[in-house]
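Before any comments, here is the structure.
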Protein chains: 2
Amino acid sequence: MAGLEHELDAPPWKRVESTLMAMARAIRQAYEDRFARLDLNLAQASMLAFLFESGPRSQSRLAAQLGMGRASAGLVVSALEKRGLVERRPDPADGRTRLVALRPAGEALVRPILEIDEILRSELRTGISRAERQRLAALLLRLQDNLSGVLADRPD
Amino acid sequence: MAGLEHELDAPPWKRVESTLMAMARAIRQAYEDRFARLDLNLAQASMLAFLFESGPRSQSRLAAQLGMGRASAGLVVSALEKRGLVERRPDPADGRTRLVALRPAGEALVRPILEIDEILRSELRTGISRAERQRLAALLLRLQDNLSGVLADRPD
DNA sequence: ACCAGATCGTCTGGTACTTTACTAATTCAG
DNA sequence: CTGAATTAGTAAAGTACCAGACGATCTGGT
């Protein structure tokens, strides 16, 4: 069909970059929808899952490793804490940080979170081979490189 | 063999989907940064460029074709209108819609917008062949299909 | 001519996220 | 030990987006 290379020659608002952004939004939306069943949003679910894998962490580390700002991480932790899913406890080694740790109620949510993630991912990869996914991952990393270069040399 | 499928087998917050979302955010940010020189954001620049290509359009059509909600499109148009870049004029054929049309000041911005876009895109495609980009586009479309299927059968 | 349903645009409220500024605690130079 | 610079976390204001509700207008059937 005509669609594909047309897609690449198309005007700015309909090109690969836009498609990529639209896809990202759609994927995010799909995750948000599904996690809504657990009364969680994507950021909250990711944080719970990450805490489960990594053990207690300071907020700054969580922020860095989940790719969000420190302020956002603080909001997410506060929301989870209010529901008793995590707790903030003092760090014996450093008085200005407090370690965020899973509480039992939060740990109980990890399994359904991982299940939802697994199901959605399997739906997403319908008709896409493992090799293709690997190529996609590699390409995205390449894009990432280019982009960080681009962002670096803005002297502005 | 460590690198690639590791990326695919990695935990949720570090997998392809996440990378894709992060990339999309980064690309968006890069566009926002560059268009800031013209005192435009990405949505505004896209709308100007699109109006240039397509001629006057109703807001609903603009919204649909730029992939945003009607309300958002209205805000973008209002912002552009306030600066005299576009105008809303009555549609002779339909009393409830008003056609959004470029004004000279807006038309003058189209060239720099397209230039900025062209430059950023060329920086992004460093080290990525045309064939790879085509594959990427095809893959994204496939993902899009899977996702719309997924969203469709939520009877919830 | 008229009513019912669909569509357009706007407004409101809610969510998510970022930036900036501020407080508190640590570290290190002297 | 004291004071400046650094780092962790919080708080407030601002931006962007979307969904839902609403009034106005068009369409089609009668």
Inset, instruction - Starting from C1' on D:dC18, measure out to CG on A:N41 and report it in whole angstrom. - result: 15 Å
Inset, instruction - Measure from CZ on B:R25 to C1' on D:dC17 and round the result to the nearest Å. - result: 15 Å
Inset, instruction - Could you grab the distance from atom CG of A:L99 to atom CD of A:Q59, nearest 0.5 Å is fine? - result: 10.0 Å
Legend entry - Segment of DNA chain C, first to last nucleotide, that comes within the 4.0 Å heavy-atom reach of chain B: C:dT7 to C:dT18
Inset, instruction - Write down the distance between CD (A:E32) and P (D:dA16), rounded to a whole number of angstrom. - result: 20 Å
Inset, instruction - Verify the contact: side-chain N or O of A:Q29 to OP1 or OP2 of D:dC18, cut-off strictly under 4.0 Å; return yes or no. - result: no
Inset, instruction - By nearest nucleotide on DNA chain C, pick out whichever of B:S58 and A:R28 is the more 5' one. - result: B:S58
Inset, instruction - Can you sort out the partners of B:L102 under side-chain contact (heavy atoms from CB on, under 4.5 Å), two or more places apart, ordered by chain and number? - result: B:L48, B:L51, B:F52, B:V86, B:E107, B:V110
Legend entry - Which residues share a salt bridge (charged side-chain N to carboxylate O under 4.0 Å, His left out) with B:R111, sequence neighbours left out: none
Legend entry - Atom-pair distance (CZ on B:F35; P on D:dA16), nearest Å: 14 Å
Inset, instruction - Show your working on side chain to side chain contact (heavy atoms under 4.5 Å, CB included) between A:F35 and A:N41 and close with a plain yes or no. - result: CA-CA 6 Å; A:F35 284 133; A:N41 62 30; over 6 Å; no
Legend entry - Cluster check B:L124, B:L20: I/L/V/M/F/W/Y, side chain < 4.5 angstrom: yes
Legend entry - Rounded distance in Å - CG (B:D39) to P (D:dT15): 13 Å
Inset, instruction - Could you check whether A:R61 gets within reach of a base, just the sugar-phosphate, or nothing at all, counting any heavy atom under 4.0 Å? - result: nothing
Could you pull out every donor-acceptor pair under 3.5 Å between side chains of residues 136-143 of chain B and any protein atom, sequence neighbours left out?
unit_1	atom_1	unit_2	atom_2	d
B:R142	NH1	A:G127	O	2.2
B:R142	NH2	A:E132	OE2	3.4

Legend entry - Interatomic distance where CG belongs to B:L40 and P belongs to D:dT15 [whole Å]: 16 Å
Legend entry - A:E32: partners by salt bridge (charged side-chain N to carboxylate O under 4.0 Å, His left out), with sequence neighbours left out: A:R28
Inset, instruction - Mind listing the residues from residues 71-97 of chain B sitting with a heavy atom below 4.0 Å of DNA chain C? Number order is fine. - result: B:A71, B:G74, B:R88, B:R96, B:T97
Legend entry - Flag for A:D117-A:Y31: side-chain donor and acceptor within less than 3.5 Å: yes
Legend entry - B:R125 atom CZ, over 12 foreign heavy atoms within 6.0 Å: yes
Legend entry - Check: B:E118 and B:L114 side chains under 4.5 Å, non-hydrogen atoms: no
Inset, instruction - Return the angle between end axes of the helix from C:dA1-D:dT30 to C:dG30-D:dC1, with five pairs used per end and rounding to 10°. - result: 10°
Distances for protein N or O near nucleotides 3-5 of chain D N or O, under 3.5 Å:
none

Inset, instruction - With sequence neighbours excluded, tell me which residues meet salt bridge (charged side-chain N to carboxylate O under 4.0 Å, His left out) with A:R98. - result: none
Inset, instruction - Return the value, rounded to whole Å, for the distance between atom CZ of B:R70 and atom P of D:dA21. - result: 14 Å
Legend entry - side-chain hydrogen bond (donor to acceptor under 3.5 Å, both in side chains) partners of A:S58, counting only residues at least two apart: none
Inset, instruction - Return the set of residues passing salt bridge (charged side-chain N to carboxylate O under 4.0 Å, His left out) with A:R89 (not counting sequence neighbours), or none when no residue passes. - result: A:E87
Legend entry - Spacing of B:L42 atom CG relative to D:dA16 atom P, expressed in whole Å: 11 Å
Donor-acceptor pairs under 3.5 angstrom involving side-chain atoms of residues 67-81 of chain A: please list them, not counting sequence neighbours.
unit_1	atom_1	unit_2	atom_2	d
A:S78	OG	A:G74	O	3.0
A:S78	OG	A:R88	NH2	2.5
A:E81	OE1	A:R88	NE	3.1
A:E81	OE1	A:R88	NH2	3.4

